[in-house]
Amino acid sequence: MKRPDFSDSYQIINVIFAAVILMIFLYSGLFRAEENYPIPSQYRIITGEETPSTGLSRAFSEMVRLNFQKAKAYNESSPEVFGFFFLQLLLRIVLFFLYNRTENKKLMIRFDAAGSAILFLLCFRDFIFPMYS
């Protein structure tokens, strides 16, 4: 039985992730923080309470406009979360082009997965471990 070749799958996943991240940035760029967002927080509507992610969409809208102080006022964790998505976009693009040039594709995929997981834990630590923030 022949082992499946995952090289095409990895490239497809990189393109899909990059496209999703670009759509997030596009969505953030279409709506200004001061205006009513088209999708309000359902949790806040139902409970009246705020969550650690309250203001994150508005903060992203400010971040894509390079207004970092205003973004941080909407959500204190927004620079880290935005940074995760921005770095992931860069990684998806770079790894897409490097993948066919590398000899050890499995090692590259493992480093990508481990690095992305560590980056996720660092950037989302306030949401994952709120008792330490």
Task: Side-chain ion pair, E50 and R44, N-O less than 4.0 Å - done: yes
Open item on the list: So, taking the atom named CG in L87 and the one named CZ in F120, what distance separates them when rounded to the nearest 0.5 Å?
Closed with: 14.0 Å
Open item on the list: Tell me if the CZ atom of F68 is crowded by more than 12 foreign heavy atoms within 6.0 Å.
Closed with: yes
Open item on the list: Between F60 and F85, does the side chain to side chain contact (heavy atoms under 4.5 Å, CB included) criterion hold? Intermediate values first, please.
Closed with: CA-CA 10 Å; F60 267 48; F85 286 105; 3.7 Å; yes
Task: CG on L121 to CZ on F84, rounded to 0.5 Å - done: 9.5 Å
Task: Exercise: identify the closest heavy-atom pair between P52 and N75 - done: O-ND2, 2.9 Å
Open item on the list: Applying a strict under-4.5 Å side-chain criterion to I, L, V, M, F, W and Y, I'd like to know whether L90 and F97 cluster together.
Closed with: yes
- [ ] Look at the side-chain heavy atoms of Ile, Leu, Val, Met, Phe, Trp and Tyr, link any pair under 4.5 Å apart, and say whether M23 and I13 land in one connected group.
- [x] no
Task: S78 to A71 - nearest heavy-atom pair and separation - done: OG-O, 3.3 Å
Task: N100 and Q11: CA distance, side-chain angles, deciding distance, side chain to side chain contact (heavy atoms under 4.5 Å, CB included) verdict - done: CA-CA 9 Å; N100 288 326; Q11 294 293 69; 3.7 Å; yes
Open item on the list: Minimum heavy-atom separation for S116 and L91, please, with both atom names.
Closed with: OG-CD1, 4.5 Å
Task: Atom pair CE/CZ of M108 and R101 - distance to nearest 0.5 Å - done: 10.5 Å
TODO: Of all the heavy-atom pairs spanning N104 and L107, show the shortest one and how long it is.
DONE: OD1-N, 3.2 Å
Task: pair M63-V81: side-chain heavy atoms closer than 4.5 Å - done: no
Open item on the list: Please determine whether the number of non-hydrogen atoms from other residues, nucleotides or ligands lying under 6.0 Å from atom CZ of F17 exceeds 12.
Closed with: no
Task: Whether D126 side chain and S77 backbone form a donor-acceptor pair below 3.5 Å - done: no
- [ ] Treat each ILVMFWY residue as a node, draw an edge where side-chain heavy atoms are under 4.5 Å apart, and state whether I93 and V15 are in one component.
- [x] yes
Open item on the list: Is it the case that over 12 heavy atoms from other parts of the model lie below 6.0 angstrom from the CD atom of Q42?
Closed with: yes
Open item on the list: Main chain of A33, side chain of R58: is a donor-acceptor contact present, judged purely on distance under 3.5 Å?
Closed with: yes
Task: Shortest non-hydrogen contact from R65 toward L30 - done: NH2-C, 4.4 Å
TODO: Find the distance between CD1 (I24) and CD (Q88) and round it off to the nearest 0.5 Å.
DONE: 11.0 Å
TODO: Just do the side chain to side chain contact (heavy atoms under 4.5 Å, CB included) check on I21 and F86 with the steps written out, would you?
DONE: CA-CA 8 Å; I21 294 168; F86 184 75; over 6 Å; no
Open item on the list: Quick one, L122 with E80, criterion side chain to side chain contact (heavy atoms under 4.5 Å, CB included). Give me CA distance, side-chain angles, the key distance, then yes/no.
Closed with: CA-CA 8 Å; L122 288 172; E80 292 88 358; over 6 Å; no
Task: Y99 six-ring centre to K105 NZ/CZ under 6.0 Å and within 45° of normal - done: yes
Task: Verify same cluster id: F124, I118 (apolar side-chain graph, 4.5 Å) - done: no
Open item on the list: Between Y74 and E62, is there a side-chain donor-acceptor contact under 3.5 Å, judged purely by atom types and distance?
Closed with: no
- [ ] Could you tell me whether the side chain of F127 reaches within less than 4.5 Å of the side chain of L56, counting heavy atoms only?
- [x] yes
Task: Aromatic ring proximity F82/F25, centre distance under 6.0 Å - done: yes
Task: Inter-residue atom distance N14.CG - S9.OG, 0.5 Å rounding - done: 11.0 Å
TODO: Identify the two heavy atoms, one from T51 and one from Y43, that lie closest to each other, and give their separation to 0.1 Å.
DONE: CG2-CD2, 3.1 Å
